[in-house]
S.K.: 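Please see the structure below; I have some questions.
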Amino acid sequence: TGLGDMLIKLGLKYDTEDAIEFVDGLFNRIKHVVYDESVNLAMEKGTFPAYDPVQHFQSPFIHTLHPALLDRIQAHGLRNVALLTVPPVGSGAALAGVTSGIEPIFDLSYIRRSESLSQETFKVFHPLVREYVQHAGITGEEDLPPFFVTAHQIQPDMRVRMQAAIQKHIDHSISSTVNLPEDVPFEEVERIYFLGWKLGCKGMTVYRAGSRENILTALTEKKKPSLSTGSKEALESGAAVPTPSPGAIGVSGVASGTQAAAVEAVRSSPRPRPKVTTGRTERIETPRGRIYVVVNEDEIGLCEVFVHSFDVEAEAIGRLASLAVRAGVDPREVIEQLWRVQSKEVAMDRSSDGTVVRVTTIAQAVALGLGRALYGDGFRPDKEFPRADVLPDPGIRSRQERLLFDGRAAVPQRAALDGDGDLTGGVTANGLPLEFVGICPDCGSTLIHQNGCATCRSCGYAKC
C-alpha cells in the first residue's frame, strides 16, 4: 500500500512512462526478494505440503525469475504456495493516512462516510497534500505540482498499463479500480476490460462516477437532480415535462382524478389466508444460527412463509415474503430478491438429500427454503444465481408430499419412558409422538409432554 504516495514523493506522475518503468523494476525487485526468502524458509522448515516441482515449473510466472533463483528453487523448493497479492486496503490505508493499494490519490480532498461510528459524512484532505502545502508554503490545492494527479484525472489506459506492469510480478491477483466519468459510453468500458485482458491483468474494477450511492465521493462529483422515469422519457423524446403547480399534490399524493384512478388500478391486495394450509418446515443453517422456515400453500400456490428465529428481523422477512406471494407476485421474483441480500459471513446448510448450499444471510435462507419447496431438496442457488427469468415455472401442482421418517412404525404404539422419564418411542401414523402437545414457539419443532411439561427436544424450550 502507499504506492501513489511514494510516486509523488519521488516526483513521478502516476500516468507517465517513467512512473510505469520505475514501478515495473520495483515490483520485479520485490518478487525476487520474497521468492528468495521463501527458498530460505524451505531450507529451514521444508516445503509446503502440496509442493510439486514439476507442476510449479510449468507456471509461466516462475520463469520470470532470475535463472540463479530458479536453480535455488529447483534444489530446495518453496515454503509458500503463494507470496504476493495486492488487496484493496481501503480502511487500513485510510487509518494509516496513505494511498490504498496500488491506487493513485483518489482526490486531493474528498467526502467520506462513516459506516460504523458516527454514521456521518466529513471532508478529508489527503495527508500528503496537507503536508506539501505546509512545506512548500503554497496557498491552495490549485498550486500543487502536476505529479499530484488524482484517480479521476488519469487516462484509463494508463491505469490499466500500470496494473499490468505490476501484475507481471504478482503471483496472485490485484485489487485496482479504473475511475471513469459519468457519461462514459458502454463501448469504452468494454474496450478497457478487453485491454486489461490483453495486457495480462487477472481482474479489475471499472467504476463509473455516480453509479452507486453511499461510497467514497469526490468533491468534484456534483449531484444532479433525479428525474422520474416519465420525465426522462419526455426529455429524450424532446417533449415538455409538466411542472406541477404549488399545492397540486396534496396529502393523497395525486394531482388529479385521472392520476388517482391510475394509481388505484395498480394497487393490489393480498388474497385472504384460508383456514387450513399445507406445507413443510425446514431447519436451515445461517451465519446467525439455525432458523426454521415454514412454507405453506393453498389451492393456488405458495401463500405464506413463517420464519422462526431468535433474530427478530427474520419474522419481518417472512411477513413480507408472505405478503408478496399472496398479492400475486411470482415466487421466483421473491427468491431472486431475497438471494441478493448477501454478507461476508458464511454458513453451510445440508438438505435432506445431502445437497450442501452456502448461506450468508437469513434472507438467503428464506429464499433457499422457498426454492426447496418449489423445486426440491437439490435446489442450488449458490451454484447458479436464481434469476426469476431463468428459473423454471413451478406450475400449479401439489408440491407437498408426505415425508418418510426413518422407517418408523406406521402403526400407533404406546410411548415408553426410559429411566430418566424421557420419551423413547411410540409414534402415530403421521410420524408424531403420541405425547405431541403443540408447536415450539421458539424453533417451530414438535412439543412433547415430558416430565409433566410441554418440552421441545430440538431447542430445549419448556413451557413450564
Side-chain angles (χ1 to χ4, degrees), residues 1-105 127-128 147 158-177 196-205 344 346:
T1 193
L3 176 69
D5 286 335
M6 181 190 66
L7 293 176
I8 290 173
K9 289 194 172 186
L10 292 173
L12 292 171
K13 192 167 179 281
Y14 191 101
D15 55 347
T16 60
E17 298 292 344
D18 289 343
I20 293 176
E21 182 181 355
F22 171 80
V23 170
D24 189 357
L26 170 68
F27 275 84
N28 184 56
R29 173 65 176 165
I30 293 173
K31 173 182 65 178
H32 280 82
V33 168
V34 298
Y35 266 84
D36 187 66
E37 186 59 29
S38 186
V39 175
N40 294 338
L41 290 172
M43 294 170 63
E44 177 186 347
K45 301 181 179 181
T47 62
F48 63 89
Y51 177 71
D52 182 341
V54 176
Q55 291 288 338
H56 231 74
F57 273 81
Q58 289 179 358
S59 166
F61 178 85
I62 288 293
H63 292 282
T64 65
L65 299 172
H66 192 275
L69 182 53
L70 288 176
D71 291 340
R72 296 195 70 213
I73 296 174
Q74 188 75 58
H76 306 290
L78 291 168
R79 177 62 180 175
N80 307 89
V81 66
L83 293 124
L84 294 163
T85 188
V86 181
V89 209
S91 299
L95 182 64
V98 297
T99 50
S100 171
I102 62 168
E103 307 283 345
I105 290 180
L128 203 57
F147 50 77
M158 297 302 289
R159 286 298 307 276
V160 178
R161 287 186 57 197
M162 176 65 82
Q163 180 180 343
I166 298 171
Q167 185 70 76
K168 291 190 301 183
H169 310 294
I170 299 293
D171 51 15
H172 271 207
S173 197
I174 295 174
S175 171
S176 183
T177 302
W197 173 77
K198 288 196 298 183
L199 294 180
C201 297
K202 291 187 176 181
M204 66 172 55
T205 298
K344 295 181 180 180
V346 176

S.K.: Looking at side-chain heavy atoms only, is the closest gap between Y14 and R159 below 4.5 Å?
M.R.: yes
S.K.: What is the minimum heavy-atom distance between G101 and T1, and which atoms define it?
M.R.: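 Closest pair (atom of G101, atom of T1, distance): N-OG1, 3.2 Å.
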S.K.: Decide yes or no for T64 and K31: does some side-chain heavy atom of the first lie under 4.5 Å from some side-chain heavy atom of the second?
M.R.: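 Sidechains of K31 and T64: in contact.
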S.K.: For S175 versus P87, what's the shortest heavy-atom pair and its separation?
M.R.: CB-C, 3.9 Å
S.K.: What residues form a ring pair (Phe, Tyr, Trp, His ring centres under 6.0 Å) with Y51, not counting sequence neighbours?
M.R.: F48, H56
S.K.: In Å, rounded to the nearest 0.5 Å, how long is the span from CD1 of I102 to CG of L3?
M.R.: 7.0 Å
S.K.: Side chains of residues 16-27: which donor-acceptor partners sit under 3.5 Å, not counting sequence neighbours?
M.R.:
from, atom 1, to, atom 2, distance (Å)
T16, OG1, K13, O, 2.7
T16, OG1, A19, N, 3.3
E17, OE1, R161, NH2, 2.9
E17, OE2, R161, NH1, 2.7
E17, OE2, R161, NH2, 3.3
D24, OD1, H169, NE2, 2.6
D24, OD2, K168, NZ, 3.0

S.K.: Report the residue from H172, M162, K202 that forms a side chain to side chain contact (heavy atoms under 4.5 Å, CB included) with Q167.
M.R.: K202
S.K.: Distance-only, no hydrogens or angles: does the S59 side chain make a donor-acceptor pair with backbone N or O of F61 under 3.5 Å?
M.R.: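 Yes: the side chain of S59 pairs with the backbone of F61.
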S.K.: L78 and Y35: side chain to side chain contact (heavy atoms under 4.5 Å, CB included), yes or no, with the steps?
M.R.: CA-CA 8 Å; L78 291 168; Y35 266 84; 3.8 Å; yes
S.K.: First locate atom CG of L10, then atom CG of D5, and finally report the distance between them rounded to the nearest 0.5 Å.
M.R.: 11.0 Å
S.K.: Tell me if a side-chain donor or acceptor on T177 pairs with a main-chain N or O of T205 at a distance below 3.5 Å.
M.R.: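 Between the backbone of T205 and the side chain of T177 there is no qualifying donor-acceptor contact (under 3.5 Å).
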S.K.: State which residues pass salt bridge (Lys or Arg N to Asp or Glu O under 4.0 Å) with R72; sequence neighbours excluded, sorted by chain then number.
M.R.: D36
S.K.: Would a distance-only check, ignoring hydrogens and angles, find a side-chain to backbone donor-acceptor pair under 3.5 Å from D171 to L83?
M.R.: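 Indeed, once roles are kept as given, a pair shorter than 3.5 Å links the two residues.
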S.K.: Kindly indicate, with the supporting measurements, whether the criterion side chain to side chain contact (heavy atoms under 4.5 Å, CB included) is fulfilled by E103 and Q163.
M.R.: CA-CA 9 Å; E103 307 283 345; Q163 180 180 343; over 6 Å; no
S.K.: Is a side-chain donor or acceptor of S100 paired with a backbone partner of A93 at a separation under 3.5 angstrom?
M.R.: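 Absent.
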S.K.: Fit a plane to each ring of H66 and H32, take the angle between them on a 0 to 90° scale, and name the class: parallel (under 30°), tilted (30 to 60°) or perpendicular (over 60°).
M.R.: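 Answer is perpendicular, since the angle exceeds 60°.
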S.K.: Calculate, to the nearest 0.5 Å, the distance between atoms OG and NE2 belonging to S38 and H76 respectively.
M.R.: 12.5 Å
S.K.: Tell me whether T99 contacts the main-chain N or O of P104 through its side chain, where contact means a donor paired with an acceptor under 3.5 Å.
M.R.: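 Here the side-chain-to-backbone pair does not exist.
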S.K.: Would you say the side-chain atoms of E37 and N40 include a donor-acceptor pair closer than 3.5 Å?
M.R.: yes
S.K.: At what distance, to the nearest 0.5 angstrom, does CD1 of I105 lie from CD1 of I8?
M.R.: 3.0 Å
S.K.: Between atom CD1 of I73 and atom CD1 of I62, what is the distance when rounded to the nearest 0.5 Å?
M.R.: 5.0 Å
